Amino acid sequence: NTVNTSTHTSPIFCFAEGLLSDSPLGSDLTSIRDTFFSPFDPDWFQSFPSSIRPTDCVVLSGAGSTSTLHRDPFEWTGTSLCLSGEKTWRFIKSTPAIESTL
């Protein structure tokens, strides 16, 4: 199965950290990323000590893919780029009850 065969009844989702540096696809995916984000240079993450420097993460998903309701860690930094199709974000307004659980 590949992302191209994903359907709403049988979705395919892949979350891969380190793919850009550890995969033969890495240079192609890095080139795509840099096409969109090179105007934002310099990459300040390169100033971080290597032990805490964020890694690249690639999410590949097809039709019908979803994610569970979640909150990313406070220190997580990311940029989403949808190359094909559409992505829907849902934001939930915080309330005192929600804040008390965090």
Side-chain angles (χ1 to χ4, degrees):
N1 288 343
T2 67
V3 173
N4 292 337
T5 63
S6 184
T7 66
H8 287 276
T9 56
S10 183
I12 295 174
F13 178 89
C14 173
F15 182 94
E17 291 184 271
L19 185 67
L20 298 185
S21 59
D22 298 338
S23 163
L25 289 174
S27 62
D28 291 339
L29 293 171
T30 299
S31 176
I32 291 169
R33 179 199 62 198
D34 292 348
T35 297
F36 292 94
F37 297 107
S38 62
F40 300 109
D41 285 337
D43 179 357
W44 294 107
F45 288 132
Q46 297 307 312
S47 302
F48 285 35
S50 59
S51 61
I52 64 169
R53 187 176 304 143
T55 62
D56 287 305
C57 174
V58 175
V59 177
L60 303 170
S61 59
S65 296
T66 62
S67 175
T68 58
L69 177 64
H70 67 280
R71 178 184 63 87
D72 291 322
F74 177 73
E75 70 277 1
W76 188 83
T77 302
T79 302
S80 291
L81 173 65
C82 181
L83 296 176
S84 177
E86 59 187 57
K87 177 180 175 96
T88 303
W89 288 85
R90 291 182 177 88
F91 295 93
I92 299 172
K93 184 177 178 181
S94 187
T95 66
I98 292 172
E99 292 294 324
S100 70
T101 65
L102 301 178

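Heads up: numbering here begins at 1 and tracks the sequence. The shown structure was predicted, so the numbers you read here are calculated from the model rather than taken from an experiment.
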Could you pull out all residues at least two apart from [X] that satisfy side chain to side chain contact (heavy atoms under 4.5 Å, CB included)?
X     : result
Pro96 : none
Ser61 : Phe13, Ser65
Thr66 : none

**Asked** Shortest non-hydrogen contact from Gly62 to Ser6?
**Response**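 Gly62 and Ser6 have their closest heavy atoms at C-OG, 3.3 Å.
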